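Everything below concerns the one structure shown next.
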Amino acid sequence: MRRTGKAPIRKYSLHGGPPHYDCVFAEKDPNLPGMQGLYVVQVVLFFSFEHWGKQWSCALVRWFETIGEEPCPLTGIWRVKPEVNEERKRCVPVINLDSIVCSAHLIGIYGDKFIPQNLKASDSLLAFKGYYVNKFSDHHAHEIAF
């Protein structure tokens with residue numbers, strides 16, 4: 001399907017609320033163990049296109065990069081932060097859906113300040129400088145986020 005003109009792209013959401021931009025683990029290097037071989041990304045948009053007769057299913061994502069080369073020494077949990085370029089803008093590439101491994105759950109690194117009471121769940125992945133990668137969210141995350 002081709003877009004023509006300047007019609008807006010519709011953002012679909014559950015029950016008419018704000019869009020959900022969920023996080024996933026994407027494969028970086030299958031030869032490296034655990035988080036060393038994975039990316040954590042936030043999916044912004046799923047789309048597909050045809051090129052030379054082949055269908056490509058893709059996702060527009062926002063990268064997160066690990067904080068340090070190993071998990072947090074206090075918690076044993078990996079930490080990530082939004083990856084930005086030289087101009088301090090978020091890196092937003094396109095990845096193939098085949099590289100997505102499973103869902104990921106991030107928990108903000110809160111620090112010693114109170115979280116604003118008006119913070120919406122839809123804004124939580126923009127509110128913190130860093131996040132814990134919750135390896136206890138489900139069986140799959142526990143198996144791969146070590």
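Both backbone and side-chain heavy atoms feed into the values below; hydrogens, waters and symmetry mates do not. Along the sequence shown, residues are numbered consecutively beginning with 1. Not measured: the values here are computed from a predicted model.
Between G108 and Y132, the closest heavy-atom pair is O-CD1, 4.4 Å. When every heavy atom of P82 is checked against every heavy atom of E65, the shortest pair comes out as O-OE2, 4.1 Å. Residues E27 and V101 share a closest heavy-atom pair of N-CG2, 3.9 Å. Scanning both residues, F146 and G34, for their nearest heavy atoms gives CZ-N, 3.3 Å.
Distance check, rounded to the nearest 0.5 Å: OG of S48 to CG of N96 gives 11.0 Å. In this structure, CD in Q36 is found 8.0 Å from CD in E69, a value given to the nearest 0.5 Å.
Cluster annotation: L97 and F25 are assigned to distinct hydrophobic clusters (Ile/Leu/Val/Met/Phe/Trp/Tyr, side-chain heavy-atom contacts under 4.5 Å, transitive). Cluster membership for L126 and V80, using ILVMFWY side-chain heavy atoms within less than 4.5 angstrom, is not shared. The cluster map of Ile, Leu, Val, Met, Phe, Trp and Tyr, joined by side-chain heavy atoms under 4.5 Å apart, puts L125 and Y21 in different clusters. Linking Ile, Leu, Val, Met, Phe, Trp and Tyr residues whenever their side-chain heavy atoms come within less than 4.5 Å leaves F47 and V43 in two separate clusters. In this structure, I77 is a member of the same hydrophobic cluster as I109, with clusters built from ILVMFWY side-chain heavy atoms closer than 4.5 Å.
Between F128 and I115 there is a side-chain heavy-atom pair separated by less than 4.5 Å.
For residues 63-90, every residue pair satisfying the ring pair (Phe, Tyr, Trp, His ring centres under 6.0 Å) rule, not counting sequence neighbours, is listed here: Y39-W63, F64-Y131.
Around atom NZ of K81, no more than 12 heavy atoms belonging to other residues, nucleotides or ligands sit under 6.0 Å away.
E70 is linked by a side-chain contact (heavy atoms from CB on, under 4.5 Å) to nothing, counting only residues two or more places apart in sequence or in another chain.
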